[in-house]
Amino acid sequence: MAGDILVVAEHSDGAVKRPSLEALTCAAGLAGSLGGSVTALVAGPGAADAASACGAHGAAKVLTLDVDVADTNAWAAAVAGVATEASPALVLFSHTARGKDLAPRVAGKLDRPLASDCTELSVDGGAVVARRPVYAGKALVNVSASGTLLATLRPNAVPATENAAAGETSAADVKAPEKGLGAVLAEIVAAASEKIELTEAAVVVSGGRGLKEAANFNLVEDLAAALGGAVGASRAVVDAGWRPHTEQVGQTGKTVSPNLYIAIAISGAIQHLAGMRTSNYIVAINKDPEAPIFKVADYGIVGDAFEVVPRLTEAVKAAAAAG
Ligand SMILES: Cc1cc2nc3c(=O)[nH]c(=O)nc-3n(C[C@H](O)[C@H](O)[C@H](O)COP(=O)(O)OP(=O)(O)OC[C@H]3O[C@@H](n4cnc5c(N)ncnc54)[C@H](O)[C@@H]3O)c2cc1C
């Protein structure tokens with residue numbers, strides 16, 4: 001139906017990923033304005049177990065797709081099949097690694113426009129309006145379409161809240177998937193440690209070249225651990241081999257949008273800002289009062305990171321201990 005929304009919900013053995021809960025929450029709000037309802041599409045092992053969380057976050061229906069999620073092309077064909085039948089206002093994905101792989105394929109199959117990495121979705125005049133950053137985050141554009149729009153939602157752009165809906169589960173009639181038309185995911189290698197995924201973290205603490213050498217990143221790690229956050233890095237640091245590329249924040253790294261982003265000894269080059277400027281609160285620690293990072297910071301500390309950061313970490317630990 002014209003006001004309905006399909007949300008492709010990712011899960012791990014039935015546990016719905018937080019970015020998907022955010023997408024469902026966002027969709028529930030939009031569907032309310034459009035007079036439609038939200039249907040969650042889940043696939044892969046444990047899909048049926050994902051239904052209750054999808055329902056709790058606003059899905060009136062949960063369709064399970066009997067498809068091999070390692071074959072993104074087959075998964076995309078199944079999603080496109082459901083979308084063709086449903087003719088929704090919006091097909092919403094999370095801007096995660098899987099979502100970024102899946103959404104353009106579905107858009108291609110449906111021959112419909114895709115607005116990727118959206119930071120906000122709203123309804124105006126009965127149409128979904130997707131807001132997304134362009135020019136490395138220097139400007140924002142609003143995208144809308146007559147007919148079905150596809151969008152990916154940036155993690156942390158919308159808080160996940162419970163919004164109970166029926167969550168009725170049924171199996172989608174999946175058409176025979178196309179074979180041999182694309183790469184197949186062979187294996188997901190779990191990270192060596194229990195690190196928080198950078199793009200999904202509510203707190204990110206990043207370090208830059210001003211930390212002088214790799215060993216000094218313990219300052220960043222300690223503060224991130226005290227705050228229960230993830231560690232990020234500037235490209236200068238990654239290029240120097242101090243940190244892995246998986247931690248790079250910016251135009252050629254990851255885009256993060258946490259509630260709190262702390263930039264330590266990072267100058268704030270435009271390419272770095274492109275990956276973090278939509279964070280809710282930005283705290284910059286830099287000894288140069290003219291550093292460009294202060295232009296986007298909500299709070300700035302002009303000082304030597306080697307003095308400021310250990311004191312900040314101690315203060316965070318003391319506050320946590322005091323409850
Ligand atoms: C095509 C392209 C893509 C790029 N993509 C990215 C990207 O994805 N991510 C990214 O980060 N960059 C990217 N860059 C690189 C970017 O332009 C900058 O070179 C880089 O971000 C600089 O990293 P930095 O801030 O750590 O280092 P610097 O620019 O060297 O800044 C170090 C900062 O530390 C401060 N400092 C020094 N000592 C201390 C101290 N003791 N205490 C406190 N502060 C101190 C200094 O005042 C300075 O501001 C890209 C560049 C290009 C051309």
Side-chain angles (χ1 to χ4, degrees), residues 95-97 100 116-117 119 132-140 152 154-157 195-201 203-227 229-258 260-316:
H95 198 69
T96 53
K100 284 187 270 186
S116 76
D117 198 17
T119 51
R132 57 183 300 267
V134 289
Y135 303 126
K138 277 186 140 177
L140 295 165
T152 64
R154 182 179 287 191
N156 288 321
K195 277 189 192 163
I196 302 168
E197 166 56 33
L198 186 58
T199 54
E200 296 173 18
V203 177
V204 173
V205 184
S206 289
R209 180 153 49 194
L211 287 171
K212 297 188 174 43
E213 58 174 309
N216 293 333
F217 249 76
N218 65 337
L219 295 181
V220 179
E221 284 171 344
D222 290 351
L223 181 56
L227 289 164
V231 171
S234 71
R235 176 163 162 181
V237 158
V238 171
D239 286 351
W242 300 356
R243 303 298 295 187
H245 183 256
T246 48
E247 291 181 3
Q248 185 180 316
V249 171
Q251 191 179 318
T252 44
K254 288 183 175 165
T255 301
V256 300
S257 196
L260 174 63
Y261 186 87
I262 303 182
I264 301 171
I266 291 178
S267 58
I270 181 71
Q271 297 89 353
H272 187 80
L273 302 186
M276 45 61 76
R277 70 187 313 158
T278 57
S279 306
N280 266 354
Y281 293 98
I282 298 171
V283 176
I285 301 166
N286 198 302
K287 69 177 185 184
D288 174 8
E290 303 297 326
I293 191 76
F294 287 125
K295 293 206 176 89
V296 297
D298 298 285
Y299 299 95
I301 301 174
V302 179
D304 187 333
F306 296 97
E307 289 169 21
V308 174
V309 178
R311 288 167 64 184
L312 192 56
T313 305
E314 284 317 309
V316 169

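In each ligand, atom 1 is the first atom listed, and ligand 1 is the first ligand listed.
For the pair Ala269 and ligand 1, the shortest N or O to N or O distance does not fall below 3.5 Å.
Nearest non-hydrogen protein atom to atom 44 (N) of ligand 1 is Lys287 N, 3.2 Å. Of all protein heavy atoms, the one lying nearest to atom 27 (O) of ligand 1 is Arg209 CB, 3.4 Å. Of the protein's non-hydrogen atoms, the one nearest atom 36 (N) of ligand 1 is Gly210 CA, 3.7 Å. Among all non-hydrogen protein atoms, the one lying nearest atom 22 (C) of ligand 1 is Ala236 CB, 4.0 Å. Nearest protein heavy-atom neighbour of atom 34 (O) of ligand 1: Ala265 O, 3.1 Å. Here the protein heavy atom with the shortest distance to atom 52 (C) of ligand 1 is Gln271 NE2, 3.7 Å. The protein non-hydrogen atom at the shortest distance from atom 31 (O) of ligand 1 is Ser267 CB, 3.3 Å. Nearest to atom 1 (C) of ligand 1 among the protein's heavy atoms is Arg235 NH1, 4.2 Å.
Nearest-heavy-atom check against atom 46 (C) of ligand 1 across Asp288, Asn216, Val237, Asn286 picks out Asn286.
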Requested in this report: Report the C-alpha distance between Met276 and Ile282 in whole Å, list the side-chain angles of each, state the deciding distance to 0.1 Å, and finish with yes or no for side-chain contact (heavy atoms from CB on, under 4.5 Å).
Outcome: CA-CA 9 Å; Met276 45 61 76; Ile282 298 171; 3.8 Å; yes
Requested in this report: For side-chain contact (heavy atoms from CB on, under 4.5 Å), just list the numbers for Leu273 and Ile293, CA-CA rounded to whole Å, side-chain angles, deciding distance to a tenth of an Å, and then say yes or no.
Outcome: CA-CA 8 Å; Leu273 302 186; Ile293 191 76; 3.9 Å; yes
Requested in this report: With side-chain contact (heavy atoms from CB on, under 4.5 Å) as the test, would you mind laying out the steps for Leu211 and Ile264 before giving the verdict?
Outcome: CA-CA 8 Å; Leu211 287 171; Ile264 301 171; 4.2 Å; yes
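Remark: the Thr255 side chain and the Arg154 side chain contain no N/O donor-acceptor pair separated by less than 3.5 Å.
Here the closest non-hydrogen pair linking Asp117 and Pro133 is O-CD, 3.4 Å. For the residue pair Ser206 and Val249, the shortest heavy atom distance occurs at OG-CG2, 4.0 Å. For Ile285 against Ala305, the heavy-atom pair with the smallest separation is CG2-CA, 4.3 Å.
Distances below 4.0 Å separate heavy atoms of Ser234 from the following atoms of ligand 1: 11 (O), 23 (O), 24 (P), 26 (O). Atoms of ligand 1 lying under 4.0 Å from at least one heavy atom of Lys212, given by number and element, are 38 (N), 41 (N). Near Phe306, the atoms of ligand 1 lying under 4.0 angstrom from a non-hydrogen atom of the residue are 41 (N). Listed by atom number, the atoms of ligand 1 under 4.0 Å from Asp304 heavy atoms are 40 (C), 41 (N), 42 (N). Here is the list of ligand 1 atoms found below 4.0 Å of a heavy atom in Gly250: 7 (C), 8 (O), 9 (N). Contact atoms of ligand 1 toward Gln251: 7 (C), 8 (O) (distance under 4.0 Å to a heavy atom of the residue).
Proximity of Val249 to ligand 1, defined as any heavy-atom pair under 4.0 Å, is confined to the backbone N, CA, C and O atoms. Residue contacts with ligand 1, taken as heavy atom pairs separated by less than 4.0 Å, involve Ala305 via backbone and side-chain atoms alike.
Here Lys287 does not pair with Glu307 in a salt bridge; the nearest charged N to carboxylate O distance is not below 4.0 Å.
When side chains are defined from C-beta on, Pro310 counts as touching Leu219, because their heavy atoms get closer than 4.5 Å. Residues Val309 and Val205 form no side-chain contact, since every pair of their non-hydrogen atoms from C-beta on lies 4.5 Å or further apart.
Arg209 contributes atom CZ, which lies 7.0 Å from atom OG of Ser234 (distance to the nearest 0.5 angstrom).
A perpendicular orientation is assigned to the rings of Phe217 and Trp242, their planes being inclined by more than 60° (bins at 30° and 60°).
Heavy atoms of Gly303 come nearer than 4.0 angstrom to ligand 1 in at least one pair.
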